[in-house]
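Note: hydrogens, waters and symmetry copies are ignored here, and every other heavy atom, side chains too, is used. Note that the structure is a prediction, hence the values are computed from the model and not measured.
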Amino acid sequence: MTITRRGLITGSLGTLAVGALSACGGVGDSGNDASKGGAGKGDTGALSTQGFGKPDDVGQARIDAFKSAYPNVQVNLNEGDFDPQQFLSAVASGNPPDLVYLDRGLVGSYASRGAIQPLDDLLGGAGIKTGDYREAAIKEVTLDGKVYGVPEFYNTRNILVNGKAIEEAGLTLADVSTTDWNRLHTVTRQLYRAAGGRTTRIGFDPKLPEFLPLWAKANGADLVNPDGSPNLEDPKIIEALTYALSLIDEQGGWSKFKAFRDTWDLFGAGNQFVKNQAAAFPWEGWYVNVLVQSSPKIDLRSTPFTDRQGKPITFQNGSAWCLPKDAKNPAAAVNWMKVMTSTDTWLKAGAARQATVEQNKSIFTGLWTANTAADEQVKAKYVKPGPTGFDKAVENYYAASDYAFGVNASKAGSEIKVAWQEAVNRALSGQQKPDAALRQAQSEASKAFSAAK
Amino acid sequence: MSTTSAPVRRATPGRSRRNWRETRAAYAFIGLWIVGSLVFTLGPMIASLVLSFTDYDAIAEPRNVGFDNYREMIADPKVAKALGNTLVYAVLYVPTAMVVALALALLLNRLGRGSGFFRTVFYLPVMTPTVAVGALFLLLLNGNQGLLNRTLGLVGITGPNWTTDTDWVKPGLAVTMLWGVGGMVVIYLAALRQVPKDLYEAADLDGAGAWTKFRRVTIPMISGSLFFTLIVQTIAALQMFDQAYTMFFGAQENSTYSNEAALFYVIYLFQQAFQFLHMGYASALAWLLFLIIIVITAVQVRVSRRFVYYEGERG
């Protein structure tokens, strides 16, 4: 039996926060279904977005490229990060944006609920070829064989190393390796510093909970199976989490470790490299651009994250442009997706970034896009090989793009992600052992996966 | 001793018309509030109650599932965890806040000319956005370099890791929330100013000391205000969200570290609604909280009958 939403009174109960959304009336049965075609040329009308934060030089150059290509489309950017409450309220009230920009890890969950539409027919019509995008990114936005988003950025991870710290400890860059886990323990101990019962330098930060997929892969397992079901109690994942936690225990335990890490001035001139507060940690490629601007004189070194056989691995993530249910101008939306992620546009964005780089007398650290050809051409045109640690880091991140993997898409992607993250958090805070935490996570994620439509 | 009697007012046609005009004006003034209350509170409450018996994800049509959501709540360990966290926090925060606010109000009450200035100063933090307060206290409570632990260090105390140690998360949040105690200070100060001076004079004549006067005169005379803040603060504590969410859960997609010690009931409700799109289940959670608040408030009202003194009440 179903209840007609239109029969429900609209509004919200102040204390009962959920009422705000649940009572917002219904989604119309009619509306534009992009997959049915008939959307027109998309060169006129209004185009609204949600989730696309305030654009920087790279974003603005691409917006300008769209406006130049489609001068009769009125673009209304909602310059805030993706807000599920805002998005769902808009969709549920039948007034969705024409485009939504969200983390690719969320695409499966929203697709399975019908909040976003499959794009396959529209992509073909607009001349967008999924083969132009990196496979790992396309896999993340593909559910049950249908493509639900056009991937944009492509963030990969490598290990960034503080040259000063490793030299102080009498080590070399080669010593900072994730291949030999016993050796990494020793190196972490050598790099860690504490004084008066307080941590003063983290030796090696395994970056939990967010980098668990990387540690799991290094030990030969994936958190999500290819069919989208959770695989969180795999013994290899339990072993990987146990090991990564032991690195933290080696450095005073989570409570002290986290409290100290929270004091880092990540984006400032007094960051953890400048203050010698961190020796080594895996991090996304965009952070090199932050460091080159905030502290260009640091002794930055980098090395790939490797699995236990010594093979470089990394996982990637990023956002995608998706078409909400009942979007009113789907043709223009798909034109936007095409322009924003095309090779020509990325080259214009590269030129804009190069202008910024020249103005700041800095170096070009890459754009990291999911468009394979664009990435290669931007690199060829703007990235200059050089002798500094920053240059080497940029080179390493470009190499990582070629072997990065993505977490498999799932109709319960959001729930699975929360389940494993909370499991790691429980293990970090000592509330549960890693095996118990991951078993609970598997139970929660399996339930969500079974319940997902 | 002379006595005066108030003149007895008699209804006249003119007075009756005036009364009717005043009544109409009164209805006009409260009419908007009544409409707003019906549309924005009662309506959504009913909608939420209906949705609590459905499986609803905000996209597809709601599907009736009877009492399944309520049954699921009983079996959901996180409901118990979140409820436990919330109740512990309420027990920690509410009495502490009342004591601190009363102490500050007593100090202000002793001030002469400067009390207006300090009253404003104490109230100003209430105006600070709660998200900003959460972010600010993450820095102040940092176990490694936070101002609170540095201050404790000056007197030889090694402070705990307020924001990362599971045992200290809730006490840390209670400390954070004391930031907004200014509203209670203003209420208590107003109540203290209403205590008749002759009661203190009589107590002085009986040889009562400061503590006795405080216990036997001040507390009973401001018990109405104390009871009011107890109710309001308990409800607010049971609905704890903003600061805890900012400090320990952050923006959903940008923050990965969370601490289950800070998983308060409304945060769990919010996660179910907007992270997992379980609107029906979240509605059921909301109604459970509503019932819990009603029960706790009813108990407080019942107990208060023995302790609260209302001046205008018939004995």
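With values rounded to the nearest 0.5 angstrom, B:Phe248 atom CZ is found 12.0 Å from A:Asn425 atom CG. Taking NZ of A:Lys256 as the start and OG1 of B:Thr164 as the end, the distance is 10.5 Å to the nearest 0.5 Å. For the atom pair B:Glu72 CD and A:Lys447 NZ, the distance stands at 4.0 Å (nearest 0.5 Å).
Contact of the A:Leu88 side chain with the B:Ile59 side chain is registered, since non-hydrogen atoms from C-beta on lie closer than 4.5 Å. The side-chain heavy atoms of A:Asp83 and B:Phe274, taken from C-beta on, include no pair separated by under 4.5 Å. In this structure the side chain of A:Glu422 reaches within 4.5 angstrom of the side chain of B:Gln271, judged on heavy atoms. Contact annotation: the side chain of B:Asn144 never approaches that of A:Asp262 to less than 4.5 Å [non-hydrogen atoms, C-beta and beyond]. In this structure, B:Asp165 and A:Trp254 have side chains that are not in contact, with every pair of non-hydrogen atoms separated by 4.5 Å or more. No side-chain heavy atom of B:Gln275 sits under 4.5 Å from any side-chain heavy atom of A:Lys417.
For A:Val418, the part sitting under 4.5 Å from any heavy atom of chain B is the side chain, from C-beta outward, and nothing else. Using a 4.5 Å cut-off between heavy atoms, A:Tyr110 touches chain B through its side chain atoms alone. Heavy-atom distances place no part of A:Lys207 under 4.5 Å from chain B, backbone and side chain included. Proximity to chain B is limited to the side chain of A:Gln431, based on heavy atoms less than 4.5 angstrom apart. Proximity to chain B (any heavy atom under 4.5 Å) is shown, for A:Ser109, by neither the backbone nor the side chain.
Ranked by non-hydrogen atom pairs under 4.5 Å with chain B, the options A:Glu444, A:Glu415, A:Gln440 are led by A:Glu415. The residue among B:Leu285, B:Thr166, B:Leu277 with the most heavy atom pairs within less than 4.5 Å of chain A is B:Leu277.
Across A:Ala259 and B:Gly143, no two heavy atoms sit closer than the pair CB-N, 4.1 Å. B:Ala58 approaches A:Ala92 most closely through the heavy-atom pair O-CB, 3.3 Å. Here the closest heavy-atom approach between residue A:Gln85 and residue B:Phe270 is recorded as OE1-CE1, 3.2 Å.
Heavy atoms from other residues, nucleotides or ligands lying under 6.0 Å from CZ of B:Phe228 number 12 at most. Atom NZ of A:Lys433 has 12 or fewer heavy atoms from other residues, nucleotides or ligands within 6.0 Å. By the neighbour-count criterion of 12 heavy atoms within 6.0 Å, atom CD1 of B:Ile157 is densely surrounded, having more than that number from other residues, nucleotides or ligands. With a 6.0 Å radius and a threshold of 12 heavy atoms from other residues, nucleotides or ligands, B:Lys78 has its NZ atom above the threshold.
Qualifying side chain to side chain contact (heavy atoms under 4.5 Å, CB included) partners for A:Ala111, counting only residues two or more places apart in sequence or in other chains: A:Ile116, A:Leu143, A:Tyr148. Listed by chain and number, the residues in a side chain to side chain donor-acceptor pair (under 3.5 Å) with B:Gln243 amount to none (sequence neighbours excluded).
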